[in-house]
Amino acid sequence: LDESNWKRVYDIANERLKEEGWYRKVLKEKLNIQRAFLTIEFDEEFSGYDREMFIPTLRIDPWINQIHFPETTQRLEKASGISISGLRDLREAIGKVYEKFRDQGAVSVAISLPPDFVVSPVAKVVAEKIYDDVLSGKPISDGDFLTLRSYLFYTLVEFCKEFNLPFQLMLGVDRRVFKDRDALSTDLNMIKTLRDVLNRYPDVRFDICILNTILLHELTVYAKIFPNCVVSGHWWYTFYPIYIKQMLRERIEMLPIVKTNGFFSDSYYCEWSVAKVRLYLRQLAEAVSYTHLRAHETRHDLVCRLLLE
């Protein structure tokens with residue numbers, strides 16, 4: 001591709017992208033992707049997409065990370081049709097959105113959590129006082145924000161249980177590190193803080209991915225010992241050959257097939273998926289070759305499943 005031919009390539013691509021059902025040719029025919037997740041914000045409308053090809057996922061970041069902002073409450077009121085004047089109303093509004101998404105075919109709930117996220121049980125009366133201050137416009141301390149955030153996380157898990165929806169957690173996102181660019185950071189408690197939730201809600205499936213490799217082994221161990229914990233990869237800054245291969249080798253040796261999702265990443269355009277899947281399959285092949293050459297059990301069941309998907 002150079003100055004002499006880029007315009008012709010551009011024109012051909014532009015025409016091809018306008019073809020009816022082009023995304024199906026890319027995803028289904030070329031990559032054998034039967035259905036793809038479509039993350040939808042809690043106040044977005046369900047319209048304009050192929051329900052047979054794309055599966056909705058409820059994205060709820062503001063309910064945890066921006067719950068102290070008035071705009072979050074306003075958006076939730078509009079999405080749920082419920083006027084929020086206290087914690088009880090907040091819970092009812094959240095439940096209403098869960099119900100709406102479930103009825104529209106949503107199959108999971110997803111959230112990205114910052115590195116400093118910690119969670120532990122909080123008394124309802126404590127959370128009520130803090131949220132009353134939020135609604136009245138009073139500034140709350142960092143400690144109160146963390147307490148309210150923790151209470152709401154347990155609330156979200158309870159609704160996941162009620163509506164039988166898996167909870168997808170993306171750990172370690174550090175927002176706006178440079179201008180509008182996001183990055184990652186590591187807190188050694190990112191995995192450990194989930195112990196109580198994993199024990200307390202055995203009927204809720206937690207699908208977890210992490211943005212660093214420092215805690216990768218710990219996360220894999222959690223997936224191994226907790227029946228309701230599975231792991232995914234490879235998102236954002238872990239989507240590089242060296243890290244994909246490392247994750248695959250570890251998971252092939254440590255986990256049964258039902259505890260690991262072969263491939264998980266974002267794709268703003270269907271064409272991105274072609275390069276990402278090819279890159280992933282190359283690393284999968286190398287990881288399997290390494291395992292075989294070292295005379296370890298090749299785990300044919302897992303390998304075949306990953307290759308097919």
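Taking every heavy atom of both residues into account, Arg35 and Arg51 meet most closely at NH2-O, 2.8 Å. Shortest non-hydrogen contact noted between Ala93 and Leu76 is CB-CG, 3.8 Å. Asp144 and Ile130 get closest at one heavy-atom pair: O-CD1, 3.6 Å. Here the closest non-hydrogen pair linking Ala106 and Leu165 is O-CD2, 3.5 Å. Annotation for Arg149 and Pro114: closest pair NH1-CG, 3.6 Å, computed over non-hydrogen atoms. Nearest heavy atoms, Glu44 versus Ile40: CB-CG2, 3.4 Å.
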| field | Stepwise side chain to side chain contact (heavy atoms under 4.5 Å, CB included) check, Asp103 with Glu99 | value | CA-CA 6 Å; Asp103 292 345; Glu99 182 180 18; 3.7 Å; yes
| task | May I have the step-by-step check of side chain to side chain contact (heavy atoms under 4.5 Å, CB included) for Asp196 and Val119, ending in yes or no? | result | CA-CA 9 Å; Asp196 181 72; Val119 61; over 6 Å; no
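Under the 30°/60° scheme for interplanar angles, the aromatic rings of Phe153 and Phe167 are found to lie parallel. Using the six-membered ring where Trp is involved, Tyr243 and Tyr240 have ring planes that are perpendicular, over 60° apart on the 30 and 60° scheme.
Tested against Val197 for a side chain to side chain contact (heavy atoms under 4.5 Å, CB included), the candidates Val157, Leu169, Val204, Asn228 yield a single pass: Val157.
Using modelled atom types and a 3.5 Å distance limit, the side chains of Thr220 and Glu250 yield a donor-acceptor pair. No donor-acceptor contact under 3.5 angstrom links the side chains of Arg200 and Tyr154, judged on distance only. Between Tyr23 and Asp50, the side chains place a donor N or O and an acceptor N or O closer than 3.5 Å (distance only, hydrogens not considered). With no hydrogens or angles considered, no side-chain donor-acceptor pair links Thr193 and Asn189 at under 3.5 Å. Checked by atom type, the side-chain pair Tyr131/Ser136 shows no donor-acceptor distance below 3.5 Å. For the residue pair Thr57/Ser108, the side-chain donor-acceptor check at 3.5 Å is satisfied.
With salt bridges taken as basic N to acidic carboxylate O contacts below 4.0 Å, none links Glu92 and Arg88. Checked for salt-bridge contact, Arg16 and Glu19 meet the test: a charged N lies under 4.0 Å from a carboxylate O. Using a cut-off of 4.0 Å between Lys/Arg side-chain N and Asp/Glu carboxylate O, Arg59 and Asp61 are scored as salt-bridged. Between Glu20 and Lys25 there is no salt bridge, since none of the side-chain N atoms of the basic residue sits less than 4.0 Å from a carboxylate O of the acidic one.
With a 6.0 Å cutoff to the six-membered ring centre and a 45° limit on the axis angle, Lys276 counts as a cation-pi contact of Phe239.
Heavy-atom neighbours of Asn164 CG from other residues, nucleotides or ligands within 6.0 Å: at or below the threshold of 12. Residue Lys161 places its NZ atom among 12 or fewer non-hydrogen atoms of other residues, nucleotides or ligands, all under 6.0 Å distant. Counting non-hydrogen atoms of other residues, nucleotides and ligands closer than 6.0 Å to CZ of Arg75 gives a total above 12. For Asn5, the CG atom sits in a packed shell: over 12 heavy atoms of surrounding residues, nucleotides or ligands are nearer than 6.0 Å. Within a 6.0 Å sphere centred on CD1 of Ile12, other residues, nucleotides and ligands contribute more than 12 heavy atoms.
Linking ILVMFWY residues whenever their side-chain heavy atoms come closer than 4.5 Å, directly or via other members, leaves Ile55 and Phe163 in distinct clusters.
Without hydrogens or angle criteria, Lys259 side chain to Phe226 main chain gives a donor-acceptor distance under 3.5 Å.
Ile244 CD1 to Glu286 CD: the interatomic distance, rounded to the nearest 0.5 Å, is 10.5 Å.
The shortest distance between side-chain heavy atoms of Phe206 and Val230 does not fall below 4.5 Å.
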